[in-house]
Amino acid sequence: MTLVRVSSLMKILGLMIILGLANSQLRAQTDSSESFSLCGTVISSSDSTPIAGCRITIRNQKVGTLTDTNGMFCLHFLNSGPYSLFAIAYGHFALHQIITLQTRDTFIIFILTEHPITGDTIEVRASRIESVSNVKQPTKVYPSLVSISDSTFNSPFSIYEDPSRVAQSYAGVSGRSAINNEIVIRGGSPNEVLWKLDGMDIPNPNHFARSGTAGGLMSAINPTLISNGNFYSGAFPAEFGSRLSAVYDLHTRDGNLEQWKWSAQVSFIGMEGSIEGPIGIDGSSLLIGARYSTLQMLQNIGTLDLSSIPSFDDLNAKMHFTLGPFDTLNMTALWGSSKIDLPMRADQVSSGSGVDAIGVRWLHSFLPSTSMEIAVSKVDDSYKDDFDTLASSQKEGYVGGRIGISYRSDSLSVFNFGVEGRREQLPAIAGSATDSAIISPSTNYYSAFAELIWTPVKWEALNSGLYSQYLAISNQSSIEPRASVTLRVSEDHSFWLAYGLYRQPELLQFVQADHFVVGYSYNPDPTLLFKIEGYDKYYTQAPIDAQSDAYSLLNSGVGTDDNYRKFVYMGKGKVTGAEMTWSARNDASYALITASY
C-alpha cells in the first residue's frame, strides 16, 4: 500500500486553495478589463461548402455582420459572458446557438440545413427587418443525434474536462466507474463506440487506456480546442461504420485569424497552455494546446513525496490554410502519453499507454454543385505493462487514405459518396474455437458509403444510404443499409423513424446489430427542446464461449479475458428502451433533464 505523509497532504490542499484563489482573481480581472473576438464559419450540412452572405446577429444587441465568400465572419470587442447568436441565410433553416466567452477568443461552426424554395413569382418589397428574436427556425433533427457546442465542452460545470464524461449527462448514456471514462450507450459495450477527430478514427483517445477497450482515466483530446461535436447514440447515417452502437464525431476549432494570443491555466488535473494566431496566407491559422499533469509537476519540484504518481502529457494541434476561394487544407495532430509506476515489495510494476494521430485533409469545391475531400491519416494506440522483468506491449492503429465527393443535383437532393483504404494493425485478440493462440494481426481494410439526402418539401426529409466494408485477413465483407424519415407536422413538432444495419469486426469476423428508432420532438422556440425516443437493438453473430453461453463479448469492455480462449459466433442479444430529454437555456443559464428506461 502507498503511504502519503500528512505534510504532503497539507501541501496539496494549500496549493489547491492558492490555485483556486488565483484562478478566481484572474477570471475577475479578465471579465472587467479584456474584450474578446468571436469568429467562425458557416457551412452547408449537405456538402460542407461555405455559405457566403449569411447574416450573423446577436439577440438584443445592435451587433451583426455578414459572412464573406469563404463563409467566415468575426465579431470583435465583446465582453465576457453568454451571447445568443443567430445565423440566417436564404434557402436555409436559421440556426441559434448560445456561446459563452470566458477567458479566450472563440471560434464556432454554424452548420445550416437547406430547405427547398418553390414558387412561380417572387415579389420584393422594402420593409422593416424583423427582430431576430422572433425568427422561427426549425432545429436540425436527426434520429438519436445530440449536437454539442464549444461552450458545452468548456462549461464551468464540465469539471472533468473530458468529452466522454460530458456525454454521460445525455439520455441513454451511462459511465462505468469514477476512474474509467468508458461510456455505455443504450446497453452496448464501450468498445462499440466510434471515436472520430477531424475525420480520423481514433480506436482509443484516452490516457491510461487498455488494449481492446475504448476508455481510460481521461481523454487525451483537449476540450478547450474543440469547436463542436456530433454525438449519435444509434441509427447513425451511412457515412459512419465499423461500430455497433454509437458515433462521437469531434472537430477541432481553427486558430485565431486576427492576432496571436496565448492562454495558460493550472488546475488539480494539470497545467495547460495554448497559443494561436494567423500564419502565412490570409485566412490561415495555427492552434497548439498542451497539458502536463499537476501531480507529476508537484512531485518533480519536491512538494509531493509519493512512491506512485500517475503522470500524463498530451498535445493537440491544428493548422488551417485557405488556399483560395475553392480550396482549404487542414492538418490535425494528437499526441498523448501516460504512465504510472507501482513499486511492490520486491517487484516494480508499471503501466501506461500512448496515442499518436496525424491527418491531412484537402477540401475543393467545384462550383456550383460539387465538392471533393481527400484525406490521409496515420493513427497509433500503444499499451504497455511491465511486471519486474516481464513486459507486455501491444499496438493498434492504421495508415490510410480516403476520398469523398458530394454532389447537389438541385435544391431538393444531395448525393454523398466516399471510399477509404487502410493498412491496419489490429489489437491482440484471443483465437477462435479452433485456434487458442493470442495473435496481433495486420490486415488491409476497405470501406465505402453512398448516401442520398432528399427534401421533397420543406417539412419532410429522407436520408438513405449504404455502408460497405471488407476485412482482408478473414475475407469478410458486409453491405449495410441505412434509412431515416423526418416529418415536421408544424414548425414546432417533428416525428422521425429510422432503421440501420451495423457490423463490427470482432475476433476477425463481423458481429451484427439492427437498430430501430422512433422519435418525437417539440421545439417551440430556439431555447427549449423536448424530445422522446424509443429504440430496439438486436444483436446477432456475437462471439460467445465455445464451451458454454456464460460469457459473451457483447458484455466485455476490458479487453481479452484469458479464461475464455475459444469463441463461436452464435450469440444473440436484444436491448429495448425509451428516452426523454428536456433542455432549456437562455443567455445566462442552462438546464437539462433526461430519463432513460
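In this text, all values refer to a predicted model and were calculated from it rather than measured experimentally.
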What are the two closest non-hydrogen atoms of Tyr467 and Ser447, and how far apart are they? OH-CB, 3.4 Å

With heavy-atom distances below 4.5 Å as the criterion, would you say the side chains of Phe415 and Ile405 are in contact? no

Using 0.5 Å steps for rounding, measure from the SG atom of Cys39 to the CD1 atom of Ile56. 11.5 Å

Would you mind reporting whether Pro237 and Glu451 have side-chain heavy atoms less than 4.5 Å apart? yes

Within a strict 4.5 Å, meaning less than it, do heavy atoms of the Cys74 and Thr65 side chains meet? no

Are the side chains of Val247 and Asn230 in touch, meaning some heavy atoms are under 4.5 Å apart? no

How about Thr213 and Asn191: does a side-chain donor come under 3.5 Å of a side-chain acceptor? no

Below 4.5 Å, heavy atoms only, C-beta onward: do His515 and Pro143 meet side chain to side chain? no

In this structure, OG1 of Thr252 is separated from CE of Met200 (nearest 0.5 Å) by 7.5 Å

If the condition is side-chain hydrogen bond (donor to acceptor under 3.5 Å, both in side chains), which residues does Asp254 pass it with, not counting sequence neighbours? Lys318

Trace of the side chain to side chain contact (heavy atoms under 4.5 Å, CB included) decision for Ile226 with Ile148: CA-CA 10 Å; Ile226 296 176; Ile148 311 173; over 6 Å; no

Are any of the side-chain heavy atoms of Tyr170 and Thr581 separated by less than 4.5 Å? no

For the residue pair Ile58 and Leu85, establish whether any side-chain heavy-atom pair is separated by less than 4.5 Å. yes

Short side-chain to backbone donor-acceptor contact, Ser468 and Ser478, under 3.5 Å: yes

Hey, does the side chain of Asn204 reach the backbone of Gly215 with a donor-acceptor pair shorter than 3.5 angstrom? yes

side-chain hydrogen bond (donor to acceptor under 3.5 Å, both in side chains) involving Ser169 - partner list, sequence neighbours excluded: none

CZ of Arg55 to CG of Leu66: how many Å apart, nearest 0.5 Å? 8.5 Å

Polar side-chain atom of Asn256 near backbone of Ser285 as donor-acceptor pair, under 3.5 Å: no

Residue pair Gly172 / Glu579: nearest heavy atoms and the distance that separates them: CA-OE2, 3.3 Å

Does the Arg482 side chain pair with the main chain of Gly500, one donor and one acceptor, at a distance under 3.5 Å? no

Does one side chain, of Glu480 or Tyr502, offer a donor that lies under 3.5 Å from an acceptor on the other? no

As an exercise, state the distance from CG of Leu197 to OH of Tyr248, rounded to the nearest 0.5 Å. 12.0 Å

With a 6.0 Å cut-off (strictly less than), is the heavy-atom count around CD1 of Ile403, excluding the residue itself, greater than 12? yes

When you compare the side chains of Thr224 and Asn222, does any donor N or O come within less than 3.5 Å of an acceptor on the partner? yes

Using the test side-chain contact (heavy atoms from CB on, under 4.5 Å), find all partners of Arg243 that sit at least two apart in sequence or belong to another chain. Leu194, Gln504

Pair Asp162-Asn181, side-chain donor/acceptor within less than 3.5 Å: yes

Closest non-hydrogen contact found for Val42 with Cys54 is CG1-SG, 4.0 Å

Restricting to ring pair (Phe, Tyr, Trp, His ring centres under 6.0 Å), what partner residues turn up for Tyr535, sequence neighbours left out? none

Heavy-atom donor-acceptor pair, Ser227 side chain to His251 backbone, under 3.5 Å: yes

Glu506 side chain near Leu244 side chain, heavy-atom distance below 4.5 Å: no

Taking all atoms of both residues into account, what is the closest heavy-atom pair of Ala89 and Ile51, and its distance? CB-CG2, 3.9 Å

Which of parallel (below 30°), tilted (30 to 60°) and perpendicular (above 60°) describes Phe240 and Phe236? perpendicular

Could I get the full list of side-chain hydrogen bond (donor to acceptor under 3.5 Å, both in side chains) partners for Ser144, not counting sequence neighbours? Arg186, Glu533

Is the side chain of Glu239 donor-acceptor paired with the backbone N or O of Gly418 at a distance under 3.5 Å, no angle test? no

Run the numbers on Tyr538 and Gln512 for side chain to side chain contact (heavy atoms under 4.5 Å, CB included), then give the verdict. CA-CA 8 Å; Tyr538 297 92; Gln512 178 173 309; over 6 Å; no

Minimal heavy-atom distance between Asn416 and Ser406, with the atoms involved, is OD1-OG, 2.7 Å

Heavy-atom pair of closest approach, residues Ala357 and Val379: CB-CG2, 3.9 Å

Taking Gly53's backbone N and O only, do any of them form a donor-acceptor pair with Thr67's side chain (distance below 3.5 Å, no angle check)? yes

Reported NE2-to-CZ distance for the pair His320 and Arg361, which is rounded to 0.5 angstrom: 10.5 Å

Would Phe231 and Ile185 count as a side chain to side chain contact (heavy atoms under 4.5 Å, CB included) if you check the C-alpha gap in whole Å, the side-chain angles of each, and the deciding distance to 0.1 Å? CA-CA 11 Å; Phe231 179 70; Ile185 302 172; 3.5 Å; yes

From CA spacing to verdict: side chain to side chain contact (heavy atoms under 4.5 Å, CB included), Phe530, Ile593: CA-CA 10 Å; Phe530 174 77; Ile593 299 176; over 6 Å; no

Is the count of non-hydrogen atoms from other residues, nucleotides or ligands lying under 6.0 Å from Met570 atom CE greater than 12? no

Approximate separation, where rounding is to 0.5 Å, of Trp195 CH2 and Ile183 CD1: 5.0 Å

Residues passing the ring pair (Phe, Tyr, Trp, His ring centres under 6.0 Å) test with Tyr520, sequence neighbours excluded, are His493, Phe495

